[in-house]
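Here the structure comes first, spelled out in structure tokens, and everything after it is commentary.
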Amino acid sequence: MPDAAVPGPAPAVPPTPPVPLAALLAREDLGLRQIAGPQDSATVIHWAHTSEMADPYPYLLGGELLLTAGVHVPEAAGSGTYFDDYVSRIVEAGGAALGFGVAPVHDTVPRALVVACDDYGLPLVEVPPRTTFSGVARAVWQLMAQARHTELRRVTEAQQSLAAAAARPDPVPSVLRQLAQRVGGRATLYAPDGGEVASAGRMPGAGGGGGEVSGALAGLVAVVRPTTRDGSGGVSASGGGGGPTPSSASDTAAGVHLAAYALGTGQGFVLGVAAPRRDPGDHTIASVGAVLLSLLTGEHQSSTGAARSSALVRLLLGAAPEEVAPLLGGGERWVVVHARPDDPAPDAVTASALGAALGSALVDVDGDVVRVLVPAGHRELTVQPGWTCGVSAPVGAHEWASADTQAGRALSRARATRTRLVRHGEHQGLADLVPPTEAAAHARTLLSPITANPALTETLRTWLSLHGSWDRTAVALSVHRNTVRQRITRCATLLSTDLDDPDVRMELWFALRHA
């Protein structure tokens with residue numbers, strides 16, 4: 001495979017769809033006219049930039065429509081190499097097109113500039129006197145906003161259609177068909193051994209380079225295939241290279257855009273996509289398809305799906321958690337994670353993506369919170385972009401319920417303190433020196449006046465954990481701050497104590513930890 005198979009740094013362009021130069025020229029209110037350079041419908045601009053520098057190269061990022069009134073042009077420019085040097089520097093910097101304003105400096109576009117733009121293949125646009133450069137720039141951003149709105153709508157519709165396809169009786173072929181239709185090319189699911197499991201759509205370039213494209217896509221798939229265990233129990237990387245392989249990669253072969261996405265964690269399945277073009281939203285659409293296929297193929301990788309079903313049935317029939325835990329593929333210790341997304345309520349796809357990032361397929365969507373049961377010690381649980389998380393202490397399977405409570409409280413604290421990730425019981429303290437049975441007996445006695453009202457107990461616990469902050473406690477419990485005040489006052493009355501006393505607060509916090 002060529003070096004381009006492994007993705008490099010992203011180009012320095014904004015995260016908005018570019019604007020075809022033809023769309024800008026079609027704006028009758030601007031009156032723009034292309035007078036030199038190739039008239040290619042594929043020419044796009046990423047922004048408009050005005051400069052009167054004789055050498056604009058240092059100030060260009062690439063993809064611009066450079067606007068100039070020719071203030072920098074010397075009087076004898078037409079008889080020398082000035083315009084050749086000027087245009088070559090714009091092309092070298094990656095400029096997409098040049099807009100030359102007629103008036104107030106020049107009555108017409110210099111002929112030598114027209115010739116230079118034709119020679120270097122740079123589109124040259126004449127800007128009439130009635131059109132300001134700011135008006136051109138505003139039109140570019142308007143077209144970008146329209147293009148972005150259109151692209152977002154296309155991506156949203158594609159996500160919905162892919163989700164609907166995943167719910168059909170033949171989900172894998174349905175997802176591939178829908179994905180191929182959305183990108184206008186071919187989508188193929190590759191097995192861990194490199195063979196094709198299923199495919200849909202037509203391979204672009206099949207008229208002259210179909211074999212080359214198919215081979216290039218298969219090679220790209222090998223690059224991103226996750227490390228798998230060989231028959232001897234050792235570890236081998238299917239794509240070679242000896243190091244970690246990327247989860248996705250892109251390339252181009254015979255003018256066809258290729259992309260490959262590794263599915264799941266260590267599954268070995270890979271999604272390959274070939275399309276005649278690469279629109280800004282295509283990567284997002286293909287990524288959604290990859291997530292759905294990860295869910296669909298994960299159950300076929302081994303007996304994992306059957307083992308999970310067996311564990312569920314045994315739990316429903318009365319088995320203890322510690323009896324079914326071995327069926328779930330974890331060790332002796334587990335961690336519960338409660339996570340809440342920055343965006344509105346999570347769906348099954350985003351929840352599964354979070355589970356994959358945490359290294360577990362044991363995911364539950366509970367309203368606006370996602371709960372994940374994660375084997376402890378398999379990987380370091382770190383901050384997940386776009387999520388606020390609470391993590392329980394590592395526990396045995398018989399303590400799953402208490403760990404679930406710990407994770408919920410940790411999430412409440414994380415939200416109240418605006419912290420991305422909060423862990424329960426990260427540090428040992430003096431209270432851990434007291435035997436648990438004695439601590440629990442003391443807690444029951446001390447808290448007995450309020451234990452009949454769980455709302456009071458939880459409010460007191462949260463209020464103490466947040467150092468008596470009414471506002472943050474209200475956020476953590478999703479209640480009004482006056483409700484918090486009323487409950488804390490009620491707790492003080494029932495406990496017959498002064499909650500402003502730090503010793504009292506410490507004693508109550510100790511008791512609540514062991515209640």
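Between atom OG of residue Ser214 and atom CG of residue Leu258 there is a gap of 9.5 Å, rounded to the nearest 0.5 Å. Distance check: Leu217 CG to Glu196 CD gives 8.0 Å after rounding to the nearest 0.5 Å. Interatomic distance, CD of Gln178 versus CD1 of Ile285, reported as 10.0 Å (0.5 Å rounding). Here the CG-OG1 distance, from Leu65 to Thr43, works out to 11.5 Å after rounding to the nearest 0.5 Å. To the nearest 0.5 Å, atom OH of residue Tyr59 and atom OG of residue Ser51 are 7.5 Å apart. Going from atom CG of Leu373 over to atom CG of Asp404 covers 9.5 Å, rounded to the nearest 0.5 Å.
When every heavy atom of Ala286 is checked against every heavy atom of Leu271, the shortest pair comes out as O-CD2, 3.8 Å. Pairing each heavy atom of Arg27 with each of Gln142, the nearest pair is NH2-OE1, 3.2 Å. Minimum heavy-atom separation, Gly31 to Arg130: CA-NH2, 3.4 Å. Taking each heavy atom of Leu162 and Gly289 in turn, the nearest pair found is CD1-N, 4.0 Å. What you find for Ala290 and Leu263 is that their closest heavy atoms are O-CD2, 3.4 Å. Looking at every heavy atom in both residues, Leu411 comes nearest to Ala339 through CD2-N, 4.2 Å.
For Tyr190, the ring pair (Phe, Tyr, Trp, His ring centres under 6.0 Å) test picks out no residue, with sequence neighbours left out. Evaluation of the side-chain hydrogen bond (donor to acceptor under 3.5 Å, both in side chains) rule for Glu52 yields Thr68 as partners, not counting sequence neighbours. Under the ring pair (Phe, Tyr, Trp, His ring centres under 6.0 Å) criterion, His283 pairs with Tyr261, not counting sequence neighbours. Residues passing the side-chain hydrogen bond (donor to acceptor under 3.5 Å, both in side chains) test with Arg33, sequence neighbours excluded: Glu126. Under the side-chain hydrogen bond (donor to acceptor under 3.5 Å, both in side chains) criterion, Asp55 pairs with Arg89, sequence neighbours left out. Applying the side-chain contact (heavy atoms from CB on, under 4.5 Å) criterion to Ala275, with sequence neighbours excluded, gives Val183. Annotation: side-chain contact (heavy atoms from CB on, under 4.5 Å) contacts of Pro276 (sequence neighbours excluded): Pro204. In this structure Arg340 satisfies the side-chain hydrogen bond (donor to acceptor under 3.5 Å, both in side chains) test together with Asp368, sequence neighbours excluded.
Using a 4.5 Å heavy-atom cutoff, the side chains of Ser161 and Arg182 are in contact. The shortest side-chain heavy-atom distance between Val336 and Val374 does not fall under the 4.5 Å cut-off. Contact annotation: the side chain of Glu64 never approaches that of Pro56 to less than 4.5 Å [non-hydrogen atoms, C-beta and beyond]. The shortest side-chain heavy-atom distance between Val155 and Leu152 does not fall under the 4.5 Å cut-off. In this structure the side chain of Val125 never reaches within 4.5 angstrom of the side chain of Ile35, judged on heavy atoms. Proximity of Val372 to Leu362: side-chain heavy atoms (C-beta onward) are nowhere separated by under 4.5 Å. Residues Gln34 and Leu21 are in side-chain contact: their nearest non-hydrogen atoms beyond the backbone lie under 4.5 Å apart. Between Arg420 and Cys389 there is no side-chain heavy-atom pair separated by less than 4.5 Å.
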Walk me through whether Ser199 and Arg186 qualify under side chain to side chain donor-acceptor pair (under 3.5 Å). CA-CA 7 Å; Ser199 62; Arg186 186 174 182 85; 2.8 Å; yes
Taking it one step at a time, do His257 and Asp251 satisfy side chain to side chain contact (heavy atoms under 4.5 Å, CB included)? CA-CA 6 Å; His257 296 282; Asp251 198 1; over 6 Å; no
Taking distance alone, no hydrogens or angles, what donor-acceptor pairs closer than 3.5 Å link side-chain atoms of residues 96-117 to residues at least two apart or in another chain?
| unit_1 | atom_1 | unit_2 | atom_2 | d |
| --- | --- | --- | --- | --- |
| His106 | NE2 | Gly70 | O | 3.1 |

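Under the 3.5 Å distance criterion, the side-chain polar atoms of Thr132 are matched with a main-chain donor or acceptor of Gly135. No donor-acceptor distance shorter than 3.5 angstrom exists from the side chain of Thr131 to the backbone of Val127, with no hydrogens or angles considered. In this structure a side-chain-to-backbone donor-acceptor pair under 3.5 Å is missing from Glu92 to Ile90.
Applying the salt bridge (Lys or Arg N to Asp or Glu O under 4.0 Å) test to pairs two or more places apart or on separate chains, none has a residue in residues 114-124. Residue pairs satisfying the salt bridge (Lys or Arg N to Asp or Glu O under 4.0 Å) criterion with at least one member in residues 65-78, sequence neighbours excluded, are absent. The salt bridge (Lys or Arg N to Asp or Glu O under 4.0 Å) contacts involving residues 149-165 comprise Glu151-Arg154, Arg154-Asp282, where partners must be two or more places apart or lie in separate chains.
Between the side chains of Ser412 and Arg415, not a single donor N or O lies within less than 3.5 Å of an accepting N or O.
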